[in-house]
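Throughout, numbering of the chain's residues begins at 1 and tracks the sequence.
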Amino acid sequence: GSIDSKGLTLKIIIALKKILKKYNYDIKIIILLSSLSPIVSETKNKIRNDKRFSLLIDKAHLSNIYSNVDFAIGSLGVSFLERLYVGIPSLVIIQNKTQKKLESYWKKEKCALIINNINTNFAKFFLNYFNNYNMQKNYVKNGQKLIDGKGAFRVYKSMMELIESD
């Protein structure tokens, strides 16, 4: 995760800077990227000298971060499932064909606000969700009904059953 080969993080930074300038929110934005991401240096340049932004690279254990986060922007990857489990309201941006196929399921479950294209009304979607605590609370509640944190155990159990059946 956190590769962001399409550079959506950069677009989000630009959009958030415009929103923060217009609405003067007092928030801190943490960006998580892998050192394998092709946009690390460009991201550093975009947030340089802006105290509202911080960049964490190759952060292995996200539990400390997740426990201090009120809101997240991301994609429909594994981190999305982690955010559902710990109860972080998420604005999700579809990044590829696989995520596009999953979109209707997650929209139906109403556990995150999902947008298809960051270039289309990102500020409107962000402000609507960011300022609507009841919507966030409902989406978190819906997401936590779906994710029980026991998926790895179920995979292990299925693998052991396959091994034992041979």
K.L.:
Would you confirm whether N138, through its side chain, and N134, through its main-chain N or O, come within 3.5 Å as a donor-acceptor pair?
P.N.:
yes
K.L.:
Applying side chain to side chain contact (heavy atoms under 4.5 Å, CB included) to I115 and F126, what does each step give before you reach the verdict?
P.N.:
CA-CA 10 Å; I115 61 176; F126 174 83; over 6 Å; no
K.L.:
Find the distance between CG (L36) and CG (D4) and round it off to the nearest 0.5 Å.
P.N.:
13.0 Å
K.L.:
Go through the structure and list residues passing side-chain contact (heavy atoms from CB on, under 4.5 Å) with N68, not counting sequence neighbours.
P.N.:
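Not a single residue meets the side-chain contact (heavy atoms from CB on, under 4.5 Å) criterion with N68.
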K.L.:
What distance separates I118 CD1 from I93 CD1, expressed to the nearest 0.5 Å?
P.N.:
4.0 Å
K.L.:
Roughly how far apart are L20 CG and I13 CD1, rounded to 0.5 Å?
P.N.:
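Here the interatomic distance stands at 11.5 Å.
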K.L.:
Given 3.5 Å as the limit, does a donor-acceptor pair link the side chain of E109 with the main chain of G143, or not?
P.N.:
no
K.L.:
With sequence neighbours excluded, what pairs up with N49 under the side-chain contact (heavy atoms from CB on, under 4.5 Å) test?
P.N.:
none
K.L.:
Once side-chain contact (heavy atoms from CB on, under 4.5 Å) is applied, do any residues pair with D148, and if so which ones, sequence neighbours excluded?
P.N.:
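Partners of D148 under the side-chain contact (heavy atoms from CB on, under 4.5 Å) test: K150, R154.
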K.L.:
Give a yes or no on whether K28 atom NZ has more than 12 heavy-atom contacts from other residues, nucleotides or ligands under 6.0 Å away.
P.N.:
yes
K.L.:
Counting C-beta onward and ignoring hydrogens, is there a side-chain heavy-atom pair between V78 and E82 closer than 4.5 Å?
P.N.:
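Yes, their side chains come closer than 4.5 Å.
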K.L.:
Spell out, yes or no, whether I47 and L16 are grouped together once hydrophobic residues are joined by side-chain heavy atoms under 4.5 Å, including indirect joins.
P.N.:
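In one cluster with I47: L16, yes.
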K.L.:
Which pair of non-hydrogen atoms, one from P38 and one from I3, has the smallest distance, and what is that distance?
P.N.:
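The answer is CD-O, 3.6 Å.
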K.L.:
Mind listing the closest non-hydrogen atom pair of L55 and K44 along with its distance?
P.N.:
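Heavy atoms of L55 and K44 come nearest at CD2-CG, 3.5 Å.
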K.L.:
Specify the closest pair of heavy atoms between S75 and R83, including all atoms of both residues, with the distance to one decimal.
P.N.:
O-NH2, 3.4 Å
K.L.:
Quiz question: by atom type and distance under 3.5 Å, do the side chains of N116 and K100 form a donor-acceptor pair?
P.N.:
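Note: N116 and K100 side chains meet the donor-acceptor criterion.
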K.L.:
Kindly give the heavy-atom pair with the smallest separation between A15 and F122, and that separation in Å.
P.N.:
CB-CD2, 3.4 Å
K.L.:
Can you tell me how far OG of S54 sits from CD1 of I31, rounded to the nearest 0.5 angstrom?
P.N.:
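With rounding to 0.5 Å, CD1 (I31) is 7.0 Å from OG (S54).
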K.L.:
Between F71 and L91, is any pair of side-chain heavy atoms under 4.5 Å apart?
P.N.:
yes
K.L.:
Does D70 CG have over 12 foreign heavy atoms under 6.0 Å away?
P.N.:
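No, not enclosed.
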K.L.:
Using links of under 4.5 Å between side-chain heavy atoms of ILVMFWY residues, direct or through other members, which residues join I94 in one cluster?
P.N.:
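Under the 4.5 Å side-chain rule, I94 groups with I30, L32, L56, L62, I65, Y66, V69, L76, F80, L81, L84, Y85, V86, I88, V92, L102, Y105, W106, I114, L146, I147.
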K.L.:
When you measure from the side chain of N96 to the backbone of Q99, do you find a donor-acceptor pair of N or O atoms at a distance under 3.5 Å?
P.N.:
yes
K.L.:
Using 0.5 Å steps for rounding, measure from the OH atom of Y139 to the CD atom of Q144.
P.N.:
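Answer for the OH-CD pair, Y139 versus Q144, is 15.5 Å.
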K.L.:
Do other residues, nucleotides or ligands put more than 12 heavy atoms under 6.0 Å from the NZ atom of K107?
P.N.:
yes
K.L.:
Under the rule for side-chain contact (heavy atoms from CB on, under 4.5 Å), what residues qualify as partners of S35, not counting sequence neighbours?
P.N.:
I57, D58
K.L.:
Which pairs pass ring pair (Phe, Tyr, Trp, His ring centres under 6.0 Å) with one or both residues in residues 2-55, sequence neighbours excluded?
P.N.:
Y25-F130
K.L.:
Side-chain heavy atoms under 4.5 angstrom apart, residues restricted to Ile, Leu, Val, Met, Phe, Trp, Tyr: same cluster for M135 and I27?
P.N.:
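Yes; tracing contacts between hydrophobic side chains, which count when under 4.5 Å, links both residues.
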K.L.:
More than 12 foreign heavy atoms under 6.0 Å from CE of M159: is that the case here?
P.N.:
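Open.
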K.L.:
Between K46 and L10, what is the shortest heavy-atom contact and its length?
P.N.:
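Where K46 meets L10 most closely, the heavy atoms are CG-CD2, 4.0 Å.
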K.L.:
Given 3.5 Å as the limit, does a donor-acceptor pair link the side chain of S37 with the main chain of L33, or not?
P.N.:
no
K.L.:
Search all heavy atoms of S90 against all heavy atoms of Y129 and return the closest pair with its distance.
P.N.:
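Distance-wise, the nearest heavy atoms are O-CE2, 3.3 Å.
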